[in-house]
Amino acid sequence: MIALRNLQIGYRQRKETISVFSGLSAEFRVGELVGLMGNNGVGKSTLLKTVTGTLPALSGEVLLNGKNITAYAASELAQQLSIVVTERIGGFNLTARDVVASGRIPYINVFGKLSAEDEAIVLQSLEQMGIASLKDKFVDELSDGQRQKVMIAKSLAQQTPVIVLDEPTAFLDYNSRHQLFSILKTLCEEQQKLILVSSHDLDLMKPYISRSLTMEEGNVMRLE
Amino acid sequence: MYLPIIKNWNNNVSRCSPDGSESLSQRILITNHYSLITTHQQLSLSSSRFITTALCLLLLVLALALADLSFGSVSLWSLESGDEMFPTILYDIRLPKTLTCIVAGSGLSMCGLLLQSLFRNPLAGPYVLGVSSGASLFVALATMVLTSINISGVFFAGKAIIALYSIAGAFFVTIIILAISRKAKSNVTILLVGLMLSQVLGAAQGLIEYLSSADKLKTFVLWSMGNVSSTTLSDLAIIGPLCALILLTAFFLVKPMNAILLNEQYAQNLGINVQGLRIKIIVITSLLVGIITAFCGPIAFVGISVPIASRLFFKTSHHLHQMTFCVLLGASVLLGADLICQIISTQFTLPVNTVTTLIGSPVVIYLLFKSKLSIG
């Protein structure tokens, strides 16, 4: 599903390039919950940005279904891969339902009108995360745990085989963290999705993930 | 009609849980009949509510327009049918003014809505970000330094030149703001830069005013107070359809605008070309603010406050709804302000800017305090 081939990640600033990590090679298939581990600043977020096609690779390539991720059109990629990022969203009258409905954007017309089928998928996604009762609440009224579930429900509504989550447990308390990971595990197993999730909390992730990619200082990568 | 969906879901379930334990997907199946019913009801309810609200606002605009046409120093109803004054008052004075209010009010409100959603900050607006000041400075340059273009002239040519300068000024500032927004860490930085820029442009304009001659200064100051009564029907024949066309173009941005409300990363992941959207918003706001500012002067307040009020009144985040409401509400606000100007003072015309700000600001402050939610 996703393959990293001798990947070098980092940033290009005008003339100089800043390499964050190099020599990444790995292959992930559907049904896997892959934990991306490593200390803060080692380049987990940079790797996820590269994998999602937001940041170009310095060298090497990221393949999605055998095709280079940068070769996908934005609208095409939107139906293959969805993200959950650390930045909190909300305000502007955004309700939980609105956020989840935005997952249908790759599939709908220019005026943003949802069909009955789209509406059904939105509701299905909310119910799968157990937050159907919150659908008319404004997102900024929700707790961090509820908000994170809304974001995952958005990914479900987007119906992508791959979901990438960057530090999804950052703002959560102990119970919500475990709940979140057990939800991710269930999704992988029941819906045959490939989920990539980053965290610096190794002990928390261990019982749930099926594989792990650990990044250490000095371009050391361990795949288990 | 719903059969394909249910069939889909059945497949989903049979694939998922071979061991017979209750799965997430099975829980869904149990509730799916209810959800289909409620979904459909809500869908029709919300779109019918949207249409009703839009029609009410349209009626409000029409009623205010009619009142704006009728009342003033002379009430049209008090004239006899054959009165010579009637066509002069209606076609040369009242009608152009009413139409200008509608064009300017709806255009500026749309710009405010686009900018607030793009920056995800209710403080954004053409005036706060310095776009209006840019337009204003360029007009000052054109009228007081470069040539002696007469702003209040009846010829469209003079105004067209002003409009070009004004659009250029608006464009110039929006480009700067956008260049900064790519480097800036947060949206607050962008707003602060906008405010600073607005001060710098204001100071530059002050310098030009100080150095210019008395009569040029007077025409410029009158223009800068915001005036909806200097346009003629022949001006409107051009700017009316032009602004309407630009407004309609904005409606084609509904989907990307809905996506950008989450944040830029999510929008990009949903297949939206964020950079392209930014450019489209710059072009639309610069054109609208430029044209409107050229003909009416820099009108404060409407651009920032109407979208805020609209979001407080109408609890929806969908841009098809908010754009419609903003356009209609914006037209009503400026018509209302002009009507108040006419009723209060029959001897002289009050600048419309003064009225919108004096009456509008307390209303927005009241709304902000009454609402429990933050809107941004």
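Note that the structure is a prediction, hence the values are computed from the model and not measured. Per chain, numbering begins at 1; letters A, B, ... match sequence-line order.
Rounding to the nearest 0.5 Å places CG of B/L262 at 9.0 Å from CG of A/D98. Residue A/K113 holds its NZ atom at 9.0 Å from CG of B/L320, rounded to the nearest 0.5 Å. Note that NE2 of B/H318 is 7.0 Å distant from CG of A/L114, once rounded to the nearest 0.5 Å.
For A/V84, the parts lying near chain B are the backbone and the side chain together; criterion is any non-hydrogen pair under 4.5 Å. When heavy atoms are compared at a cutoff of 4.5 Å, A/T52 does not approach chain B at all. Both the backbone and the side chain of A/L94 come within contact range of chain B, each with at least one heavy atom under 4.5 Å from a heavy atom of that chain. Contacts between B/H319 and chain A at a heavy-atom distance below 4.5 Å are absent for every atom of the residue.
B/Q116 approaches A/F92 most closely through the heavy-atom pair O-CZ, 3.7 Å. Of all heavy-atom pairs spanning A/A78 and B/G271, the tightest one is CB-N, 3.7 Å. Here the shortest heavy-atom pairing between A/S102 and B/L270 reads O-CD2, 3.4 Å.
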Review point. What's the verdict on side-chain contact (heavy atoms from CB on, under 4.5 Å) for B/V254 and A/V110, showing C-alpha distance, side-chain angles and the deciding distance?
Key: CA-CA 7 Å; B/V254 162; A/V110 68; over 6 Å; no
Practice item. Check the pair A/N93, B/T316 against side-chain hydrogen bond (donor to acceptor under 3.5 Å, both in side chains), reporting the backbone distance first and the verdict last. Key: CA-CA 6 Å; A/N93 293 339; B/T316 166; over 6 Å; no
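The closest donor-acceptor contact from the side chain of B/Y266 to the backbone of A/G103 lies at 3.5 Å or more, if one exists at all.
At most 12 heavy atoms of other shown residues, nucleotides or ligands fall within 6.0 angstrom of atom CZ in B/F252. Within 6.0 Å of CZ on B/F313 lie no more than 12 heavy atoms contributed by other residues, nucleotides or ligands.
Chain B forms more heavy-atom pairs under 4.5 Å with one residue of A/I108, A/T160, A/L77, A/T95 than with any other, namely A/I108. Contact count versus chain B (heavy atoms, under 4.5 Å) is highest, among A/A132, A/A73, A/A74, for A/A74. Contact tally against chain B (heavy-atom pairs below 4.5 Å) for A/T54, A/I83, A/I89: the top residue is A/I83.
Considering only heavy atoms from C-beta on, B/K315 stays 4.5 Å or farther from A/D136 through its side chain.
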